[in-house]
Amino acid sequence: MKEKVQEELIYINKTMKIPYKWRTGEVWGEFFRELKENGIIYANQCPTCGRAFCLPKDVCTRDHTRCTDRSKWIPVGPKGTLVTYFMAEQSFLLPTTGEMLKIPFAVGIILLDGATVILQHQLEETDEEKIKIFMRVEAVIKPKAERKGNIFDIVHFKTITE
Amino acid sequence: MANRVAIVGIGQTTHSGRRPYVNDGELIYDAVTRALEDAGLTINDMEAVMAGNMDMFEGHHLNDAMLNLYSGAAGRPGFKMNTGGTVGTMTAIQGWYHIASGLYDVCLVIGWEKHDEGPATPAISTITDPAVDRHFLVGAIGGLATVSVAYMQRSGCKLEHAAMVRANASQAAHRNPMAHMREIYSVEDVMKARMVMYPLNLLMCCPTSLGATAMVLASESKAKKICKKPVWMKDHVTVHVEYGGAQFGIGEKRWTSHMEAGAKLFKRNHITKPMQETQVFEMYDPFAFAIPMWLEDFLVCEPNEGWKLIEKGALKLEGEYPVSPSGGVLCTNSIGDSAILRVAEAALQLRQPIRRCTLHQLYRRLRHT
């Protein structure tokens, strides 16, 4: 049922710019503090099932238990294994910055050594031929002076051979 | 025991990529009018109105209240669902609950989206945590590309199989006058399309469409008076899962929301051989790998068998087990409307005397935790 082409009516063009301030909460706050001050990636643990989360979780999804016991945190990575990935070859508007994505942009789902939950972050390698599932990767962490206590303190994950 | 619930009226707008001469309210009005006409009822027969839409796309919250003049919700009970891609089916399920509980006898359910009014990818990226995941998700397509890569690795499925899925979908959509992308593509055409996000090229992703679908639901006593051929909504399952390693089989046996939903639905309906005991599957298939991958995950076929069924041509419109005979979400994706359209299209399949079908809609709801 093709519609008859009609005249374009008036439209109103608006860009919304809404400032937000998101709180990271106790667990992520501590995770980002460790990353910023010591350059160490931590996983927290569920006191009930013992799983190590990285990125950390405030509450265990399965047990509904708070995972705030700092003595149970363990350093994980910075090496890990690539579980899967995607590779953007077209640019998209980013909701975090309002800028266009710089392509090519490869993102990996990574299991850090010592963790039982996956982490999603950028890959250094952008040649699709060279990205292999289950390849070993390592987090590249910014020098201390440049770290701000956010996820971008990890620049990306580089491919390593062992 | 819950009351039985039937679909007695179905109305949808034509779907397209851009309609600059209508606003979103007009889309809703169109779909509602067609559903009421189909049921032979008027808005005054509706006891409750349920609305569904993902409001980041059009950029206004509480739009069900703003648009209630178009939907007919003014002066009637009901509420709006906002559950992302699943919103349409969830809206139909809300209608189901209201009738199944015995609270109402006739209920109108509506899903809509007008995708040409805002940017889709940044809007959908807001479903993730702003502190960690949002920058690395890149919309729905990022998440779907990662599961596609993992599926290819795990099952042996190739890009060519995804192209076959898209070519089949184009054949089906071509015969659906209400679909958005109705052009016929060959496997070669699909393979030649521009890569958007490896492994998904432009044709292997769903389009951004606009449109609305409305359905009139009725209780058993009313349904038989309203129409000769009510379509019964027999069962539905909603599942939430943990976003973690389980969906990739990391550190534990692979387990996804689809598997949980399929297992529950088939068990309580005593279905042991889904491909023999049901005749059609209208799937929410937002990317070309979805059909082979999720047929396996919904436990409809054996693991790693999905792409072999594609290769055999079994899932085509004229095949032994047609999947998404409407053309699916691959050809029409107006998000708030996509999922309710699956229910409506499945009901339309059942209404047609050509193909006698048993309907077992599988409802999925993914949530990242």
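Chain letters run A, B, ... following the sequence lines, proteins first, then strands; residues in each count from 1. Everything quoted here is computed from the prediction, not taken from an experiment.
Heavy-atom pairs under 4.5 Å with chain B peak, among A:Val83, A:Ile10, A:Val117, A:Leu111, at A:Val83. Chosen from A:Met16, A:Arg51, A:Lys14, the residue pairing most often with chain B at heavy-atom distances under 4.5 Å is A:Arg51. In terms of heavy-atom pairs under 4.5 angstrom with chain A, the leader among B:Gly142, B:Pro119, B:Ser125 is B:Gly142. Of the listed residues B:Pro130, B:Gly118, B:Ala145, B:Ala131, the one with more heavy-atom pairs under 4.5 angstrom with chain A than any other is B:Pro130.
Two rings, from B:Phe287 and B:Trp294, have their centers less than 6.0 Å apart. Residues A:Phe152 and B:His135 bring their aromatic ring centres within 6.0 Å.
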Stepwise, does the salt bridge (Lys or Arg N to Asp or Glu O under 4.0 Å) test hold for B:Arg34 with B:Asp30?
CA-CA 6 Å; B:Arg34 288 174 191 188; B:Asp30 238 16; 3.7 Å; yes
Salt bridge (Lys or Arg N to Asp or Glu O under 4.0 Å) between B:Arg166 and B:Asp285: does it pass, once the steps are laid out?
CA-CA 10 Å; B:Arg166 184 61 181 85; B:Asp285 50 351; over 6 Å; no
Test salt bridge (Lys or Arg N to Asp or Glu O under 4.0 Å) applied to A:Lys79 and A:Glu162, step by step:
CA-CA 11 Å; A:Lys79 292 177 182 173; A:Glu162 289 177 330; 3.7 Å; yes
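Interface remark: A:Tyr85 contributes backbone and side-chain atoms alike to the contact with chain B (heavy atom separation under 4.5 Å). Heavy atoms closer than 4.5 Å to chain B are found in the side chain of A:Phe105, but not in its backbone. Neither the backbone nor the side chain of B:Leu200 has a heavy atom closer than 4.5 Å to any heavy atom of chain A. Contacts between A:Gln120 and chain B at a heavy-atom distance below 4.5 Å involve backbone atoms as well as side-chain atoms. Looking at A:Leu93, the atoms closer than 4.5 Å to chain B (heavy atoms on both sides) sit in the backbone and in the side chain alike. Within the 4.5 angstrom heavy-atom criterion, no atom of B:Asn23 approaches chain A. The part of B:Arg18 that comes within reach of chain A is its side chain, from C-beta onward, which places non-hydrogen atoms under 4.5 angstrom from that chain.
Using modelled atom types and a 3.5 Å distance limit, the side chains of B:Thr213 and B:Gln12 yield no donor-acceptor pair.
The aromatic rings of A:His121 and B:Phe136 lie tilted to each other, with the angle between the two planes from 30° to 60°.
At distances below 3.5 Å, not a single donor-acceptor pair connects side-chain atoms of A:Lys142 with backbone N or O atoms of A:Lys148.
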